[in-house]
Structure formats: C-alpha cells, structure tokens
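Nothing fancy with the numbering, it's 1 onward along the sequence. What you are looking at is a predicted structure, and each value in this text was computed from that prediction instead of being measured.
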Amino acid sequence: MTTANLTREETAARSAAVTARSIRVELDLTGAPDQDQATFPVRTTLEFDATTTTTWIDFIGERVARVVVNGIEQAVAYDGARIVVDGLAAQNTVEIEASGLYSRSGEGLHRFVDPVDGETYLYTHYEPADARRVMACFEQPDMKSRYTFVVTAPEGWHVLSNQSPAHTALAAGTQIVEFAPTLPLSSYITCVAAGPYHRVQDTWTGEAGEIALGVFCRASLAPHLDADEILTVTKQGLDFFHEAFAFPYPWGKYDQIFVPEYNIGAMENPGLVTFTEAYIFRGASTRAQKSGRANTILHEMAHMWFGDLVTMRWWDDLWLKESFADYMGSHASAAATEYTDAWVAFANRRKAWAYTQDQLPTTHPIVADITDLEAAKLNFDGITYAKGASVLKQLVAFVGEDAFFEGARRYFVKHAYGNTTLDDLLIELEQASGRDLRDWSKAWLETSGMSTLSLAQDASGATVLHQMEPRPHRVQVGLYDLVDGTLTLRERIGLDILDESTPLDTGDAELVLINDADLTYAKARLDDRSLDAVDEALSTLDDELARGLVWSALWNATRDGELPVIQYLSIVGAHAQHETNVGVLAGLLANASFAARAYLPEALSPQALAAWLDTTWNGLHGAAPGSGAQLVWARAMAEAAEVSPGRADEIRALLSGTAAAPEGLTLDADLRWLLLTALAATGNTTEADVVRELESDDTASGRTAALHVRAAVPTAAVRDAAWSSAWNDLTLSNDHLDATISGFRAGGRRDLIAKFDEDYFARIIPAWQARSIEIARRLVVGLFPATPTLTLVDAWLAEHPDAPAALRRLVIEQRDHRERALRVQGAL
C-alpha cells in the first residue's frame, strides 16, 4: 500500500492528536490559459492544536518547495503524498509552499479548453480524497476546519468558491479574490471554480432570509442552458427542505455550476454545487431526463444538511449522507415539484442498480467496513446509494413520516458542524418514534444481501408468501383480475412479513404483484399464472408504478436465468410500444438491449440481435411524433444498429438527408453521432463521414464523439491502436479515455479484440500502480474481456492474492458479471 492510501486506523489516530482550526489556501491560477504550464503555485497555511510533536499533512502534487513550522523553516520531508512536520507545540501554524498539477482526469483541479472558443475553464472535484491534489490539508472527514480561499486569476473570469468574495483586487490583468471564511467543513467538500463561465442570477427568500442563487456553465453552452427550470426546482427544494428539516440553510449563497468532463453526476460542495454538463441538453430531451436532473438537484440540496452540516466520521458511514440524499431526491421530487412520478423512476432505475450490486460476491452492508481510501472510492455504489435509499423508504413506512423527519431535525440540531456515526442517528430516530430500531438496523443496515419473495404452497397446499433470507418487511400485495383483456386491481393486502413463510389468500387472482407500491427492498417473483397474465396484458395495467414493478420482476428473473431471454424479449416487443412512462420505457429498452447482447448463446445471437433491431425500428416509427417515447426509441435503435447491420442503408439515408426522419424526430448532433457510431461499428462509414459530421459539431462533445466513432471502425489496425492508446496515451482526458474504450469494444467484435485477453491481465496491476484510481478503474472495468470461459480471470485471482484489495474487488465483480452472462446463456 502506498502512503497515498490512508487507512481508517491512522487517520483516527491523527484526529485524536490533532485538532484543525483554520486553513488558508492561496492559489495562483494566472498560468492556467497556457496549456504548456502544467503546474500552479499554492501556499497553504494551517492552524491547528496538537498533543503530539509530529504528524503529517496530505498533499499530492509536483513538488513541495518550503515548509515552515511555527516560524521555523524545516527540511522538506515529502514522499509524494505526505508532508511530515515535527517540532509541534500545543498550538501551531504551518506554512507550506508547493506546486500542484492541473488535472485531466477530473480529480483535483481539472483544466478544460473549450474547442469552440479556446477559453479555459477550471473546477475542482475532491470526493473522497482529492483536495490534497490542490492544497495541503488533513484529508479525512472528521478533521473539519474553517477555510479561507484566496485565488489569483485572469481578470474577467468568474472566480467561485464555497463562500462569497470578501475582497477583490485588480492589478495588471489579474484579479485577486479573497473569499469569506467558511463554517467548519471537511476538506472533500471545499471547492474552487474559475473561468469565463456564463452566469444566470436569482434569489430565493424564505425563513433563512434571502439567498443568492447562481447557475453557471461554459459560455458556448449558454444557448442550451434552461436556467429557468433549474432555478424553479432549486426554489421548490429550498422551500421543501426548510419546512422538512426546520434548520435554516447555513451556507450563505447557493450556486450551481455545470462543468465539463465531470466524473460523477454532481457533488454537494456547500455554496457551490457542481454538476455534469450532461444535464445541459444540447438537443432534444425527454421528461424523464429532466426529472432525473431535478432529482439530482434535490439530492445535492439534501446534502447541505445530510453530509455537509453533519458529516460521517469516516467512510464506513458514507450511507449517512448518500442513502439519505438518494431517498430525499425522490421524496422531494414527488412532494415539491412537477415530477410526481419520481418513485416510479426510483423503483425501476435506482433499485435496479442496487439489486445488481447486492448480488455480487463483493456486496457489503449499507454500513460498510471501509479500511482505507481505496476501499472508500469504490464504496460509492448501488448499496450505499440506492439500497440505502430503499431501506430508508422502508424505515419511513416503519416509524412514520412525521417521526422520521422529527428525528432528522433533532439530529441536525445536536450534531451541527460535527461528525457522527450510525448510533448518533438511531438515538434521535428512536426518541422521535418511540421504537427500538436496533433489530431493524441489524437486519437492514448491518447485514448484506437481499430477500427474494415468491408465492409457494405449504404442506397443506395453502398459498404462502415465501421469503429467502428472511428480514422484517412491510409490504402490500396487489391482486389483479383480467377483465375483458385488461388487468384490473381487485385489492391490495397489507402484510408484515417476519418469517420464512406467511399465509396469504390470493383467491383466484390472475396477477399477484408482490411488493405492490414498492414499500420494501426485495426481489419479487411472478408465479406462473401471473407471468401468463402479464405476457398477455402487461400494457393494460393503468398504474405506472405497478407496471414498472412488473418490468422489474421480469428483468430480475431474466438476470437470474429463471425467465428465458427470448421470452423476456418477446414481452418487451409486445408491450414496450404501449409504455407511457418514458423513464420506465428507457430502462426496459436498455435492459432488453443488454440481454440481447450478453445473455444469448452465440448460435442464437445474430438472429435475436437482428430481431431486436427491427423491434426498435418499428418502435421508433410507431411512436407519437415529437414524443419522449419517440426519442427513446430512436436512441435504442441506434444502439441496436451498432451490433446488427440490417438497417445500415436506412440510417445512412437519414444522416445524408436522402430520406426523411420520422415526423417529429429532430436529428440533433447527439443523435447523429449515435447513428454514425452504429454505422462505424458495422463497417458502414468512412473517415469523410466523420470529418463532415465534425465540421457541423466542432464542440467538446463532437470531438469526443468523433474519437469514439474512429475507434469503433472494425479493422484490426484501428482496434489495435485504440487498445494501445487506452493504456499508454497519458494525454487522454477522462472523457476521451471512455470514448476510446467504448470504441474499442463497439459492436462486440470478439474476432478483433480477443487477442488482447491475456494482455489485459498483464497490464492491470501496473496501471493500478501508475495511474490515478479514477483512470485505473475505467481501464480495469471498461476493458475487462468477455472471455468464453473464466480460466484467465480465475488464474489471475489465484496468482495475485496480494494485489490491492480495491483492484481485486473490481476484478471479482467483473468476473461475476461474466459468470452470470455465461450461466444465463447456458440455461437456454
């Protein structure tokens, strides 16, 4: 383990001996527009108390030039990750002068040059431990400090941080912006952004007084920024959370900035929330996409309380912020915005992520055992987010919504600006609800895995609800009849499930929908009679959530090899065109596409992929003109055409304009690139096509898409070059690396890339050692080979028992995905 990989034990020892008070960070970003200048100067002044004479301060950069401890300069003791300081007193001031590195991986201080106008944009991203790539700091969440940022940048740029500027000075084409000190913050939620960003301003007025609102994006994206809707959701969220939490927003202003080449969806930096630019829709968008953006806005806003105001002590309790924010994103969307169907999307997209993650051999309890930072980095997963949110939904049903929010209010008041663990929250929820939550916590938060609920018969032949891996559940069971060809609700039965078997009278219902209303977290199976009913009449269910839960049950059964893939695709083909919830439609089409690609044996695959392409083509042409469904079908068709060439001539005619697009469908730049990628992957495009498309969309997105298209050309020379570039070209940004990897794998052409299978396993340890964890993770996951057996991966795992634990986890997870695919293929 390198010294950059901090452990839970050593950081606990440091926080016991060192108490941070204030940190002043002076950044000089005036050289950022010069792309030949790889570094930036940074001076950090840390004030802290200590009961030890020596400690370390975290920093990952080009060099450390000077260290001064209590006015006395020390020899620099720096190993590339830690600066050792000694001679400490009870109260200390440490000054560190260093050079940081501009990032192209989205970690630390990311630098991006917009090809549209040549302007330079900067932003920081730190979670879980990349603040040390910008400043010297105590890189652990339980060492909160008051931060003062002083940024020198080119004049005319917007310079942003967690707080508003306290003072700005102009001199010789530069500006020096000193921001007001923050309230106590963990290092990972501090932030800086700088560049000629486009800004839209507004205000919100409520119990906390007037809060300045700002929305920012690159200047070239300004025409696509629908700031009005973003601000509407923001105000609705502030209204909701102030009433729900009864604790005024504490962070002053509320800026939201959309940034390029962002590694995640968004980050909850108080006062300056960062979002991926994918939430700025350059072309057509669906209501489901806007709903997803609203959910993310509210997710990050919930963090202003859960995570920023009260922060977990160590990454074991990451759920204390992420599970709550994921729950609140859907809850607030449904309660406070126009997106009242947010729980439908949650049931079909977020929980699907959780179900997948929870069936891996690396699954873990929601309250996880996180021994070090590398493990923490990989713990931002479907368990911590979506399973945690699902369990909280069950908790709300268990204790009642009023008691849940009252417990949260008490928690904020008691622990404001501090750090907590699981017990701290349970105490407040128990006092508010009057319920003992220790057994509930053990069953749901401290135990991994999930229950599977299904109908069965007991020894007497009576119907029971059977539970594998028993846990306490509160569920509703929906009983539906087929009336004149329409599935119609007869009644919903409320049940508390504690044991392996629970009596259940279903009468002669033709569809028994276990976990109707989606109250609990479990896989729910359809019995044979129910399966026949949904095969015949699924699209006649008028309840969006019920339909979504049926689709979820079908997909889980398909993944587990219990429902034949061909039958699943048949049900999709029969009913998807009638699905009115665009978010549900997008999810089920994505699942069907994956099943057609990954879960069919080679002998059946070409015919099934061609049939799936025809299904999407017909779906596109059958959808209502200009509808969100039409756009979703168009995207699904483009994806299907990447692995089956049957519509290549029609697609080329669409792109060239010799054939008209379906009425209402706009062939915007993003959709055109998807279609061109499909042609490239099947050998039906030329370099001239790429050049022509790039001439009409010479933007950051266009250049990334062009890289993807070029790497997708199905020749040995192109795929060889993509393989080499992915591993060896250190100039590739995070987005460009993804485009290269996707191009390399395009079309599933094992005949072109299988020769690299052994080379992959030779490369992953050196890559893990040499590259940042974000880039290494993309390589390890993105290039994992779809081998016909598990021999190579099993040999690597056997030969490398001492490989870094986080790397082994990734390989084990990819092995499990591959093993599942082979198992499902073999079940046909």
Side-chain angles (χ1 to χ4, degrees), residues 141-142 207-208 237-251 268 270 298-314 316-336 342-343 346 365-368 383-447 471-474 496 518-521:
D142 64 339
E207 293 183 7
L238 288 169
D239 287 339
F240 176 83
F241 286 120
H242 274 88
E243 180 178 355
F245 293 157
F247 193 110
Y249 175 76
W251 308 111
E268 67 267 20
L298 297 170
H299 174 120
E300 303 309 323
M301 189 178 292
H303 275 310
M304 300 299 125
W305 291 267
F306 279 112
D308 294 354
L309 178 66
V310 184
T311 311
M312 70 274 156
R313 186 166 298 159
W314 178 249
D316 308 71
D317 282 308
L318 176 63
W319 78 280
L320 277 174
K321 70 185 191 77
E322 294 303 349
S323 298
F324 280 86
D326 218 45
Y327 172 81
M328 287 297 171
S330 294
H331 183 86
S333 290
W343 286 116
F346 178 85
I366 294 169
V367 180
I383 303 297
T384 302
Y385 283 74
K387 181 181 179 180
S390 303
V391 167
L392 288 180
K393 190 177 182 184
Q394 173 80 297
L395 175 62
V396 172
F398 181 61
V399 303
E401 189 171 303
D402 290 342
F404 175 79
F405 279 104
E406 176 58 26
R409 295 180 194 116
R410 296 182 183 191
Y411 176 73
F412 296 140
V413 170
K414 186 172 182 179
H415 298 287
Y417 309 108
N419 298 86
T420 57
T421 62
L422 167 64
D423 278 348
D424 297 312
L425 179 66
L426 291 182
I427 288 170
E428 304 309 321
L429 290 174
E430 286 177 333
Q431 291 180 354
S433 66
R435 287 179 175 265
D436 185 343
L437 297 179
R438 303 299 158 154
D439 288 342
W440 178 89
S441 174
K442 287 183 174 62
W444 285 106
L445 299 178
E446 302 166 55
T447 305
R471 286 182 176 81
H473 300 267
R474 176 66 182 171
D496 287 314
D518 197 37
L519 294 183
T520 196
Y521 172 80

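For F404 and H331, the gap between ring centers reaches or exceeds 6.0 Å. Centroid-to-centroid, the aromatic rings of F306 and W319 stay 6.0 Å apart or farther. Ring centers of F247 and W305: at least 6.0 Å apart, outside the cut-off.
A donor-acceptor contact shorter than 3.5 Å links the side chain of N419 to the backbone of M312. Looking at Q394, its side chain never comes within 3.5 Å of a backbone N or O of T520 through a donor-acceptor pair. In this structure a side-chain-to-backbone donor-acceptor pair under 3.5 Å is present from S433 to L429. At distances below 3.5 Å, at least one donor-acceptor pair connects side-chain atoms of R409 with backbone N or O atoms of A244. At distances below 3.5 Å, at least one donor-acceptor pair connects side-chain atoms of R471 with backbone N or O atoms of A443.
The shortest side-chain heavy-atom distance between I366 and S323 falls under the 4.5 Å cut-off. Between D326 and F346 there is a side-chain heavy-atom pair separated by less than 4.5 Å. Looking at heavy atoms from C-beta onward, M301 lies out of side-chain contact with F240 at the 4.5 angstrom threshold. Between E322 and E268, some side-chain heavy-atom pair lies under the 4.5 Å cut-off. Residues T420 and L425 are not in side-chain contact: their nearest non-hydrogen atoms beyond the backbone lie 4.5 Å or more apart. Annotation: side chain of L445 is in contact with side chain of S441 (closest heavy-atom distance under 4.5 Å). By the 4.5 Å heavy-atom criterion applied to side chains, E430 and D436 are counted as neighbours. Side-chain contact between L298 and M328 is absent, with no heavy atoms from C-beta onward closer than 4.5 Å.
Each of D423, D424, V367 was evaluated against D317; a single residue qualifies, V367, per the side-chain contact (heavy atoms from CB on, under 4.5 Å) test. Of the residues W440, Y521, W444, the one that meets the ring-ring contact (aromatic ring centres under 6.0 Å, His included) test with H473 is W444.
What you find for P270 and D308 is that their closest heavy atoms are CD-OD2, 3.5 Å. For the residue pair P365 and T447, the shortest heavy atom distance occurs at CB-N, 3.8 Å. For the pair A432 and A403, the tightest heavy-atom approach, listed with the atom from each and the gap, is CB-O, 3.5 Å.
Annotation: the span from K414 atom NZ to E428 atom CD amounts to 4.5 Å, rounded to 0.5 Å. To the nearest 0.5 angstrom, Y249 atom OH is 11.0 Å from L309 atom CG.
Counting non-hydrogen atoms of other residues, nucleotides and ligands closer than 6.0 Å to CD of E243 gives a total of 12 or fewer.
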Show your working on side chain to side chain contact (heavy atoms under 4.5 Å, CB included) between K321 and T311 and close with a plain yes or no. CA-CA 7 Å; K321 70 185 191 77; T311 311; 5.7 Å; no
Step by step, would you call R474 with F398 a side chain to side chain contact (heavy atoms under 4.5 Å, CB included)? CA-CA 7 Å; R474 176 66 182 171; F398 181 61; over 6 Å; no
Hey, mind stepping through L422 and L320 against side chain to side chain contact (heavy atoms under 4.5 Å, CB included) and telling me if it holds? CA-CA 7 Å; L422 167 64; L320 277 174; 5.7 Å; no
Using the side chain to side chain contact (heavy atoms under 4.5 Å, CB included) rule, take K393 and D518 through it: C-alpha gap first, then chi angles, then the decisive distance, then the call. CA-CA 9 Å; K393 190 177 182 184; D518 197 37; 4.0 Å; yes
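H303 is linked by a ring-ring contact (aromatic ring centres under 6.0 Å, His included) to H299, counting only residues two or more places apart in sequence or in another chain.
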